[in-house]
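Each chain gets a letter, A, B and so on, in the order its sequence line appears, and its residues count up from 1. Quick caveat: nothing in here was measured; it's all calculated off a predicted structure.
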2 protein chains.
Amino acid sequence: MKKRVYEDGCATAHALDLVGERWALLVMRELLLGPKRFSDLRASLPGISANVLTQRLENLEAASIVRRRKLPPPAAASIYELTEWGQESEELFRVIGRWAARSPQHDPQAPLSVASVVMSMRTMFSPARAGRLSGSLGFHFGREEFRATLDKGKFTIERGEVDGADVVVAGNQNALAGALYGGVPLKALEKSGALTVKGDRALFERYLTFFPLPDKAPHVDAVG
Amino acid sequence: MKKRVYEDGCATAHALDLVGERWALLVMRELLLGPKRFSDLRASLPGISANVLTQRLENLEAASIVRRRKLPPPAAASIYELTEWGQESEELFRVIGRWAARSPQHDPQAPLSVASVVMSMRTMFSPARAGRLSGSLGFHFGREEFRATLDKGKFTIERGEVDGADVVVAGNQNALAGALYGGVPLKALEKSGALTVKGDRALFERYLTFFPLPDKAPHVDAVG
DNA sequence: CGGCATCCGGGAAGATACTG
DNA sequence: CAGTATCTTCCCGGATGCCG
């Protein structure tokens, strides 16, 4: 079936046989925060065609990375989710993310998916910046809700209700990325309606400083 | 020039724009242990064609991951080497390697390159297994020499002369992989001439137990 | 809506041959 | 040795249409 296989016993080469095809890792990224349906995946991966998504899901399932599950009636839809081993790839995404953030060509302001922003916070969180702060934050993007917790400096964020959080941030995920990584002032985002903040605003303003980007690597020109 | 770009601000997507093309990561893997020439790369990447290698090297250079350097006369050859940032991707290879080693479909016995075997030792070394042992080992594969050091349980391996090591292992890298990961008895490898051991043989026999493979993840069949 | 099948155009990958 | 040139094959991306 799959013909273009590296015939190489190296584990890295094997990984590329499994997840090296175009879109495969991005499909996995979208599933890191929980199961999704076919159309959810399509919506959060602008540019992928149904055709290709079907094939990637088949290959990832054959590789035991993704599992397909039919929900019981009445919601008789099927969902795709990472297997336990697939979920273990999260570390891989964090390492890739930290490495790629140093790329001279990376523009942290380009549009990104909800899963990307949430994963970026898991990736870039700096315990040193957070000190021993505690508090809870809710994030609301479209129909997706996430709950972040700071517990004496320990950080987690996952899917969960925003209700009851010390501060609830709602709006567009790109706006949050702009505030986190692009230095866009919070006031400007609120003024334009891209983001609304309800609750402990001071907590959120401190929170925004906990995710420093690494320095860019120098761009190297061709050497004669 | 490059047309198929994920238009996605996520750092992972950017990484895939840089190194997501076929062969790109394997080219980087071959450079992790030091500079190589074009034909060295070709020889250690069975299956890559010259034009693809040329294009990957161009793209990696444009991404500031690889640098091309012309050696001064008389050895007026050009070599390719990782930039400092490119070298930082080593962590990525170790994480990928550990993750992929758990793949139900991974066969650790398949043929692999010299760089792969050496990197696999960096990846799989278990400090718990090594205790506080000290000693030095030399590895000789074809024209490539590596020096491994155990210093009170701290492990390093890099290019370097085998002379002066407590034990020198020479022969075929696949044979070493078989002894490390495939449970092939050392005696059998020596008998067949695939591996020769000179010096502190007991040290090498202990060394062979310091690189345990992780458990395989369960293979999941389709669920109805 | 949630997929899968099919076709089509373009472009990347693979094989081979060739040149400085 | 270090690549280019050329040709073929196959994958990707888009569109459409079918079926539950």
Side-chain angles (χ1 to χ4, degrees), chain A residues 1-8 13 16-27 30-31 35-62 66-81 143 222 224, chain B residues 1-8 13 16-27 30-31 35-62 66-71 73-81 143 222-224:
Chain A
M1 186 172 293
K2 279 205 301 178
K3 310 293 278 303
R4 286 187 191 175
V5 172
Y6 303 107
E7 303 195 358
D8 189 325
L16 293 173
D17 282 334
L18 300 180
V19 302
E21 292 168 306
R22 199 164 159 74
W23 294 107
L25 276 176
L26 299 187
V27 170
E30 290 300 317
L31 295 176
K36 288 197 171 192
R37 292 184 302 180
F38 190 89
S39 49
D40 296 331
L41 287 169
R42 258 200 102 172
S44 51
L45 294 171
I48 199 171
S49 59
N51 201 352
V52 171
L53 180 53
T54 299
Q55 199 191 322
R56 288 305 164 272
L57 288 169
E58 280 171 4
N59 290 347
L60 290 172
E61 191 176 0
V66 161
R67 182 166 37 221
R68 180 183 179 156
R69 210 149 47 88
K70 272 206 173 3
L71 293 180
S78 33
I79 56 152
Y80 299 89
E81 63 186 0
R143 267 173 285 100
Chain B
M1 185 173 293
K2 280 206 302 179
K3 311 292 278 302
R4 286 187 191 175
V5 172
Y6 302 107
E7 305 195 357
D8 189 324
L16 293 173
D17 282 334
L18 301 180
V19 302
E21 292 168 306
R22 200 164 158 73
W23 293 109
L25 276 177
L26 299 187
V27 171
E30 290 300 318
L31 296 176
K36 288 198 172 191
R37 292 183 303 180
F38 190 91
S39 50
D40 296 331
L41 288 168
R42 257 198 105 172
S44 51
L45 294 171
I48 198 171
S49 59
N51 52 9
V52 171
L53 179 54
T54 299
Q55 199 192 323
R56 287 306 163 273
L57 288 168
E58 281 171 2
N59 291 347
L60 290 172
E61 190 176 1
V66 161
R67 181 166 38 221
R68 180 184 179 157
R69 209 148 48 89
K70 270 203 173 9
L71 293 181
S78 27
I79 56 152
Y80 299 89
E81 63 186 359
R143 267 172 284 100
V223 178

Handout entry: Protein-nucleotide distance (B/Lys36, atom NZ; D/dA2, atom P), rounded to Å
Key = 13 Å
Handout entry: C/dA13 OP1/OP2 closer than 4.0 Å to side-chain N/O of B/Arg56
Key = yes
Exercise for the section: Using only side-chain N and O atoms of A/Thr54, determine if any of them is under 4.0 Å from OP1 or OP2 of C/dG3. Expected result: no
Problem - Interatomic distance where CG belongs to A/Leu41 and P belongs to C/dC1 [whole Å] - result: 16 Å
Handout entry: Side-chain N,O (B/Trp23) to OP1/OP2 (C/dA12) below 4.0 Å
Key = no
Practice task
Compare side-chain N and O positions of B/Tyr80 against OP1 and OP2 of D/dG3 and report whether any pair is under 4.0 Å apart.
Solution key: yes
Completion exercise
Rounded to whole Å, the CG-C1' distance (B/Leu71 to D/dC1) equals 13 Å
List the atom pairs, with distances to 0.1 Å, where a side-chain N or O of residues 46-56 of chain A and a protein N or O form a donor-acceptor pair under 3.5 Å, not counting sequence neighbours.
| unit_1 | atom_1 | unit_2 | atom_2 | d |
| --- | --- | --- | --- | --- |
| A/Thr54 | OG1 | A/Ala50 | O | 2.9 |
| A/Arg56 | NE | A/Arg22 | O | 2.7 |

Practice task
Could you pick out which residue, B/Ser78 or A/Gln55, lies toward the 5' side of DNA chain D when each is mapped onto its nearest nucleotide?
Solution key: B/Ser78
Completion exercise
With sequence neighbours left out, the residues meeting salt bridge (Lys or Arg N to Asp or Glu O under 4.0 Å) with A/Glu7 are none
Problem - Contact under 4.0 Å: B/Arg68 side-chain N or O vs D/dG3 OP1/OP2 - result: yes
Practice task
Write down the distance between CZ (A/Arg4) and P (C/dA12), rounded to a whole number of angstrom.
Solution key: 12 Å
Practice task
Output all residues satisfying ring-ring contact (aromatic ring centres under 6.0 Å, His included) with A/Phe38, sequence neighbours left out; order by chain, then residue number.
Solution key: none
Problem - Presence of B/Arg22 side-chain N/O under 4.0 Å of C/dG14 phosphate oxygens OP1/OP2 - result: yes
Practice task
Output yes when at least one side-chain N/O atom of A/Arg37 is less than 4.0 Å from OP1 or OP2 of C/dG2, else no.
Solution key: yes
Exercise for the section: Find the bend of the helix from C/dC1-D/dG20 to C/dG20-D/dC1 as the angle between its two terminal axes (five pairs each), to the nearest 10°. Expected result: 30°
Handout entry: salt bridge (Lys or Arg N to Asp or Glu O under 4.0 Å) partners for B/Arg37, two or more places apart
Key = B/Asp40
Problem - Of residues 44-52 of chain B, the positions that come close to DNA chain D - non-hydrogen atoms, cut-off under 4.0 Å - result: B/Ala50, B/Asn51
Exercise for the section: Give the rounded distance in Å between these two atoms: CG of A/Leu16 and P of D/dC11. Expected result: 17 Å
Problem - Those residues that, when tested against A/Tyr6, pass ring-ring contact (aromatic ring centres under 6.0 Å, His included) (two or more places apart) - result: B/Trp23
